[in-house]
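For ligands, and for the atoms within them, numbers begin at 1 and follow the listed sequence.
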Amino acid sequence: TGSSRPQRMLKAVQKNATKGDPKSVISAIDYYCRHKEWAMNVGDEKGLILDSVLTEVNPSTALELGTYCGYSTVRIARLLSPGSKLITIEFNPAFAAVARQIIAYAGLQDKVTLVEGPSGDLIPKMKERFGIKSFDFVFLDHWKDRYVPDTKLLEDCGLLRKGTVLLADNVICPGAPEYLKYVRNSPRYESQYYKSNLEYTKVEDGLEKSVFLG
Ligand SMILES: O=C(CSCCNC(=O)c1cc(-c2ccc(F)cc2)cc(O)c1O)c1ccc(O)c(O)c1
Ligand SMILES: [Mg+2]
C-alpha cells in the first residue's frame, strides 16, 4: 500500500527542514500543505494568532487536544519558556507516530509529552499521571463535537484555574457551534473571536479565545 498524507508530510520535513530548527519545520509543512497537498494543520495564518496568544499567556503548563502531525505542537513548544511543559493528546495512533517524529525533528521532544488515546479518558488522569495541578493554556483542535464535553471535563477535574486561557481552532469551519454557545453564554468565561481563514484557503474560519474566570 502507498504512503499516507501524514507520512508524505514527514518526508517533506525530513527533506526540506533543518534538524533542531522548529521554524524550518513549520515552514516546510506550510509550504508542502499550501503548494502540494492540503492538510488540517492550524496553518500559518491562524498560527500567527496562536503565537500571539501564547506569547501573551506564557504558560508553564499547556494542553493540546488533537495533535494530528504535530504542527501546532511544534508552534506551541517552540515558544515555551525553559522548564515549561506541553501535553498533547492524539486519538489516532498513525497520526501520533508521525507527530512524534516531527516533534523530535524539531528538537522539542523534551518539552512535549504526547499521549495516545481518547481525550475523554485521559483528561481525568492528568493529575495522577503527570502531576498537573492545573493548565495555564489549552488548545482545542480535535473532534469538534468533543470541545464542549472536554471543556466541562477539564472544569470538573479542577484542571482550569482563574485565568486559564482556552483557544479553540475551527469554530467556523468545520465549526463548533455548541462550543461557541457554551463559552459565550457562560458567566464563567470571557470570550473573544479572532477572525481568520481555514488553513491554506480563502474560506473563513477563526479561533475563539476564552478566559476561565473561576
Ligand atoms: O485528532 C483527533 C480527531 S481528527 C482531527 C480533528 N480536526 C479536524 O477534524 C479538522 C478538520 C478540518 C477540516 C477538514 C475538512 C474540511 F473541508 C475543512 C476543514 C480543519 C481542521 O483545522 C481540523 O482540526 C482526536 C484527538 C483526540 C481525541 O480524544 C479524539 O477523539 C480525536
Ligand atoms: Mg484544526
Side-chain angles (χ1 to χ4, degrees), residues 4-10 26 29-30 32-34 36-51 53-54 62-77 86-103 112-126 129-130 132 135 137-157 159 166-180 183 193-210:
S4 69
R5 186 175 310 212
Q7 284 167 331
R8 293 190 292 274
M9 204 187 304
L10 171 60
I26 291 164
I29 293 173
D30 283 331
Y32 182 77
C33 295
R34 187 173 287 282
K36 305 279 191 256
E37 192 176 20
W38 187 92
M40 58 182 170
N41 315 118
V42 73
D44 43 5
E45 195 180 317
K46 288 186 287 179
L48 286 174
I49 300 166
L50 171 60
D51 290 356
V53 171
L54 254 174
L63 173 67
E64 175 179 61
L65 301 176
T67 316
Y68 186 40
C69 294
Y71 173 89
S72 47
T73 320
V74 167
R75 277 204 90 109
I76 293 167
L86 169 63
I87 296 177
T88 182
I89 296 177
E90 179 49 56
F91 179 72
N92 180 316
F95 293 172
V98 166
R100 287 188 200 286
Q101 295 175 80
I102 287 180
I103 293 159
V112 178
T113 304
L114 197 164
V115 197
E116 285 181 47
S119 45
D121 298 354
L122 291 166
I123 286 170
K125 295 176 178 151
M126 283 293 133
R129 275 203 193 172
F130 305 105
I132 299 286
F135 289 109
F137 177 82
V138 182
F139 183 54
L140 298 92
D141 192 21
H142 59 332
W143 296 130
K144 309 314 159 194
D145 59 7
R146 287 291 320 170
Y147 284 17
V148 172
D150 285 347
T151 298
K152 288 181 173 171
L153 199 50
L154 286 164
E155 290 169 17
D156 298 345
C157 295
L159 286 165
L166 306 186
L167 190 65
D169 190 25
N170 310 118
V171 294
I172 303 300
C173 177
E178 302 81 8
Y179 178 76
L180 287 183
V183 289
Y193 175 62
Y194 292 80
K195 182 176 160 59
S196 186
N197 292 299
L198 177 70
E199 48 268 27
Y200 319 116
T201 77
K202 292 187 167 55
V203 173
E204 181 179 344
D205 188 21
L207 300 168
E208 185 83 355
K209 175 189 162 191
S210 304

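Here the straight-line distance linking atom OG1 of Thr67 with atom CZ of Phe139 works out to 11.0 Å at 0.5 Å rounding.
Counting heavy atoms from C-beta outward, Phe137 and Leu54 have side chains that approach closer than 4.5 Å.
Put simply, the side chain of Tyr71 gets close to the backbone of Gly43: a donor and an acceptor are under 3.5 Å apart. Looking only at distances, no side-chain donor or acceptor of Asp205 sits under 3.5 Å from a matching main-chain atom of Ser196.
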Quiz item: How far apart are the C-alpha atoms of Arg34 and Glu45, what are their side-chain angles, what is the distance that settles it, and do they pass the salt bridge (charged side-chain N to carboxylate O under 4.0 Å, His left out) test?
Solution: CA-CA 12 Å; Arg34 187 173 287 282; Glu45 195 180 317; 5.5 Å; no
Report task. Evaluate the criterion side chain to side chain contact (heavy atoms under 4.5 Å, CB included) for residue pair Met126 and Ile89; output intermediate values, then yes/no. Result -> CA-CA 11 Å; Met126 283 293 133; Ile89 296 177; 3.8 Å; yes
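Shortest distance from the Mg ion (ligand 2) to Asp141 is reached at OD1 (N/O/S atoms only). As for Asp169, its N/O/S atom nearest the Mg ion (ligand 2) is the one called OD2.
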Write none if no such pair exists; otherwise list each N/O atom of ligand 1 with its protein N/O partner under 3.5 Å and the distance.
residue	atom	partner	partner atom	Å
ligand 1	1 (O)	Glu90	OE1	3.2
ligand 1	1 (O)	Glu90	OE2	3.3
ligand 1	7 (N)	Lys144	NZ	3.4
ligand 1	22 (O)	Asp169	OD2	3.2
ligand 1	22 (O)	Asn170	OD1	3.0
ligand 1	22 (O)	Asn170	ND2	2.7
ligand 1	22 (O)	Glu199	OE2	2.6
ligand 1	24 (O)	Asp141	OD1	2.8
ligand 1	24 (O)	Lys144	NZ	3.0
ligand 1	24 (O)	Asn170	OD1	2.9
ligand 1	29 (O)	Ser119	N	2.6
ligand 1	29 (O)	Ser119	OG	2.7
ligand 1	31 (O)	Trp143	NE1	2.8

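Within the coordination shell of the Mg ion (ligand 2), defined by N, O or S atoms under 2.8 Å, Met40 is absent.
Separation of the Tyr147 and His142 ring centroids falls under the 6.0 Å cut-off.
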